[in-house]
Every structure is written in C-alpha cells, then in structure tokens.
Protein chains: 2
Amino acid sequence: MSDLIQKCLDAGLSMTTARRAILRALENSEDHPDALMLHDRAKAYDPTIAQATVYRTMRLLEQEGLVEKHDFGNGRARYEEAEKEQHDHLINLSTGEIIEFHDTDLEALKIEIAKRLGFDLKDHRLELYGVPRE
Amino acid sequence: MSDLIQKCLDAGLSMTTARRAILRALENSEDHPDALMLHDRAKAYDPTIAQATVYRTMRLLEQEGLVEKHDFGNGRARYEEAEKEQHDHLINLSTGEIIEFHDTDLEALKIEIAKRLGFDLKDHRLELYGVPRE
DNA sequence: ACCATATTGATAATCGTTCGCAAGTAGGAA
DNA sequence: TTCCTACTTGCGAACGATTATCAATATGGT
C-alpha cells in the first residue's frame, strides 16, 4: 500500500536499476534511515550503486514530495516516506529510537499561535527528546 | 542585566581579549547570529580574532549553559544567550526574521504528550515557519 | 534496434566546523 | 612585579556530510 515505484512512475520519473534499489530499500525500512544506511540497504538490490546516486535520488524524491527529510541533530539527514497523516517525532535519548506521534490539540495550537503572531503557518518542526519514564 | 563576562568569571573561565570581544558581540546582538556574524561583530573589539576562536568559544559557552545553539535549517548554527524563560521560535519565511514566543498551554502539552508515550521530556525543539498573514 | 536525453559511478569540490600545533596569555605563587 | 605552567590563540590542515563535474551508460519513446 505504498508502492513508491508506482508513485515515481506516476510522477513521470524514469525508472532505473539504481532507483528501484533505493525505493525498495526505503519501503522496507521501518526506521528513519540516513543516506548511508539507505546506500547499504540498496546494495542488496544493486551491488554497484554509488553514494552519490543515493543522495541525488533522495533529493529528487524530496522535491517530488514523495519523501520527507528530517534533521534530528546527529549530523546526517534522515528520511521517511511522505505520509498523508501529519505526525511529529519523539527521540528516545537512551536508545536513539524515533517514535512517531500525532496530537490534534497540538496541531491546532501550532496554527493558533502562528495566527496570534500574525502569520499563516506554512511548515513546522517539533521534536521531543526524552528518556523512558521511571 | 545580562553580564556574560561576569557569568563566565563565575563559571571559572579565564577571561581573554578574544573572549571578551565575543561576549560583547553576543550581548549587543538582538538577533540570533551565527558564528560568522559573531566573528565579524567581535572584530570590532578584537580585530585579530580568528574564526576558530569563535567556534571554540561558542562551544564552550554552550557546554557551560550560558548560550543556546539552534539549527534553523540554513546550514549554519545560530546562537543566543541562554534565557531563564523558555521560548520557541517562529521563522518568517518572507524575511528570515526570527520571532520568539512563549505559550504556557504548549509547554504543558509537550510534557503531557511525552508522558503519554512513556517518557520524561528532557529537551524539545519547536519551530514554526510562516508567512505574514494576508 | 536507434537515438536524444536523463542518469550513473567515480572523484573532486564545497561548506560549516573541528583539530593539531607552535606561539602567546592569564592569573596564581613567590 | 616577576615567574611559571596550564590554558588560549591564530593559522592552516583535516573532517564529515553533501553537491558538483564529467565521461560513460542506461532509459524509453520512436
């Protein structure tokens, strides 16, 4: 239910061995991989793929709106498939694990605050950093 | 009412010409300068100061908790004096201007969400990106 | 199958930031 | 004050993530 290859074709992108490999690697990723991780994983489908191709492709996918790029502060950008449902991230400081969450009140409040300051909200970034309770 | 030089002395840091220059530059900054901007501004007080010294000093000040480092997504880290009052940032996409705001409900909600997910909130990052209304 | 165009791999370049090192201070002891 | 030692500095090299360059290769419409 997330056929990235099909979405790329729909977007008019030509489909190459390298791209297919990256798209499969991304679809099989449950976490939020960075470019190096994606490169490693994509090698399973295309052993000769180059890092530069991964970077180029991720940039392309981001521009096409098929992928979201995040910066969780560890130097490397992290990627995930663009989802329809809005969500934010909580980073477990003990493990580095990233947890997705959604809160309607929070969404409303962000828009409300921007409005109060005289702005239309175009984008936002919310990351919570925490340690397991107790 | 924000004598950074005194705070540094209180923290046991030795006070050099270069550090004094950086601290003055920072105190006189109403915006959220990056390392390059601080370097330029510090030159007014110490014309021979090096970029590396600015980077080193900002890292030190951050470790001492006297300065906060932000990444607003433009490649360069931005700095501001650590304030007692918690605040978040709204970035005006039309001008690049950064507006600080505080919202009690929002603070509470962030803690509440972390708790609901089973975490104690240790840190967080919220940035709103908007354009002036209308 | 053919060809113009887009894409690739390999490598150099870029940009912010950090490191290594010799020379130069700060600031406490004498 | 003068000395001394550890901390700082300025400079330039090094670094890590990402992007650009470019010749060679694949794509997909014809």
Side-chain angles (χ1 to χ4, degrees), chain A residues 4-6 8-25 32-64 66-79 96, chain B residues 4-26 32-64 66-79 96:
Chain A
L4 273 176
I5 294 179
Q6 190 54 52
C8 284
L9 292 173
D10 292 347
L13 304 180
S14 57
M15 191 48 53
T16 66
T17 308
R19 278 187 191 164
R20 245 187 304 272
I22 294 167
L23 295 171
R24 283 188 193 154
H32 295 67
D34 60 40
L36 280 292
M37 294 162 80
L38 281 172
H39 182 216
D40 275 344
R41 295 175 192 179
K43 281 181 195 164
Y45 308 105
D46 177 2
T48 66
I49 194 171
Q51 279 189 28
T53 302
V54 176
Y55 278 111
R56 269 187 299 239
T57 303
M58 294 318 288
R59 185 149 46 109
L60 178 67
L61 295 177
E62 196 202 355
Q63 286 165 355
E64 293 292 334
L66 299 174
V67 148
E68 281 173 21
K69 183 180 184 179
H70 298 288
D71 169 19
F72 295 139
N74 296 332
R76 303 213 250 273
R78 313 282 291 266
Y79 299 94
Chain B
L4 272 177
I5 295 180
Q6 190 55 51
K7 286 181 186 168
C8 285
L9 293 173
D10 291 347
L13 305 179
S14 57
M15 192 47 54
T16 65
T17 307
R19 279 187 191 162
R20 245 188 305 271
I22 293 167
L23 295 171
R24 284 189 193 150
L26 188 56
H32 295 67
D34 60 39
L36 279 292
M37 295 162 81
L38 281 172
H39 182 215
D40 275 344
R41 294 174 193 180
K43 280 182 194 162
Y45 308 105
D46 178 2
T48 68
I49 193 169
Q51 278 189 30
T53 302
V54 176
Y55 279 112
R56 269 189 297 240
T57 302
M58 295 317 287
R59 184 150 46 111
L60 179 66
L61 296 177
E62 196 202 356
Q63 286 164 353
E64 293 292 334
L66 298 174
V67 148
E68 280 172 22
K69 183 180 183 178
H70 299 288
D71 169 19
F72 294 139
N74 296 332
R76 304 213 249 273
R78 313 282 291 265
Y79 299 93

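Lettering of chains follows the sequences in order, A, B, ..., and the numbering in each one begins at 1. All values derive from a computational prediction rather than experimental measurement.
One interatomic measurement links the two molecules: CD1 of A:Ile5 to P of D:dT27, which rounds to 13 Å at whole-angstrom precision. C:dA6 atom C1' lies 15 Å from atom CG of A:Leu9, rounded to whole Å. Atom pair B:Asn74:CG and D:dA17:P shows a separation of 21 Å (rounding to whole Å applied). Following rounding to the nearest Å, B:Asp71 (CG) and C:dG16 (C1') show an atom-to-atom distance of 11 Å. A straight line from CG of A:Leu38 to P of D:dT18 spans 11 Å, rounded to a whole angstrom. Following rounding to the nearest Å, B:Asp46 (CG) and D:dC11 (P) show an atom-to-atom distance of 11 Å. Look at CZ on A:Arg20: it is 13 Å from C1' on C:dT7, rounded to the nearest Å. Between the NZ atom of A:Lys43 and the P atom of C:dT8 there is a distance of 16 Å, given to the nearest Å.
Between B:Lys7 and B:Asp10 there is no salt bridge, since no side-chain N of the basic residue sits under 4.0 Å from a carboxylate O of the acidic one.
The side chain of A:Met15 approaches D:dG28 more closely than any other nucleotide in the set C:dT18, C:dG9, D:dG28. Distances were taken from every side-chain heavy atom of B:Arg59 (C-beta onward) to each of D:dT19, C:dC19, D:dT9; the shortest belongs to C:dC19. Of the candidates C:dG9, C:dA26, C:dG20, the closest approach to any side-chain atom of B:Thr16 belongs to C:dA26. Across D:dT18, C:dG9, C:dC21, the shortest atom-to-atom separation from the side chain of A:Ala77 is found for D:dT18. Considering only the side chain of A:Arg56, C:dT8 comes nearest among C:dT8, C:dT18, D:dT18. Listed candidates were C:dT8, D:dG12, C:dC21. Nearest to the side chain of B:Ala52 is D:dG12. In this structure, of D:dT19, C:dA10, C:dA26, it is D:dT19 that holds the atom nearest to the side chain of A:Tyr55. Closest to the A:Arg76 side chain, of the nucleotides D:dT9, D:dG16, C:dG9, is D:dG16. The nucleotide whose nearest atom lies closest to any side-chain atom of A:Ser14 is, among C:dG9, D:dT9, D:dG28, D:dG28.
B:Lys69 and B:Ala77 get closest at one heavy-atom pair: CE-CB, 3.6 Å. The heavy-atom pair separating B:Ala50 from B:His39 by the smallest distance is C-NE2, 3.7 Å.
Backbone-only engagement by B:Arg19 is indicated by non-hydrogen atom pairs under 4.0 Å involving sugar-phosphate atoms exclusively. B:Ile49 comes within contact range of the sugar-phosphate backbone alone, with a heavy-atom separation under 4.0 Å but no base atom that close.
Both A:Leu60 and B:Leu13 lie close to DNA chain C; mapped to their nearest nucleotides by heavy-atom distance, the more 5′-ward contact belongs to A:Leu60.
With A:Arg76 contributing its side chain and A:Leu36 its backbone, the two residues share no donor-acceptor pair below 3.5 Å.
Side-chain N/O atoms of B:Thr17 include none lying less than 4.0 angstrom from OP1 or OP2 on C:dG24.
A cation-pi arrangement is present between A:Arg24 and A:Tyr45, with the terminal nitrogen or guanidinium carbon under 6.0 Å from the aromatic centre and inside a 45° cone about the axis.
The line from CD1 of B:Ile22 to CZ of B:Arg19 is 8.5 Å long, rounded to the nearest 0.5 Å.
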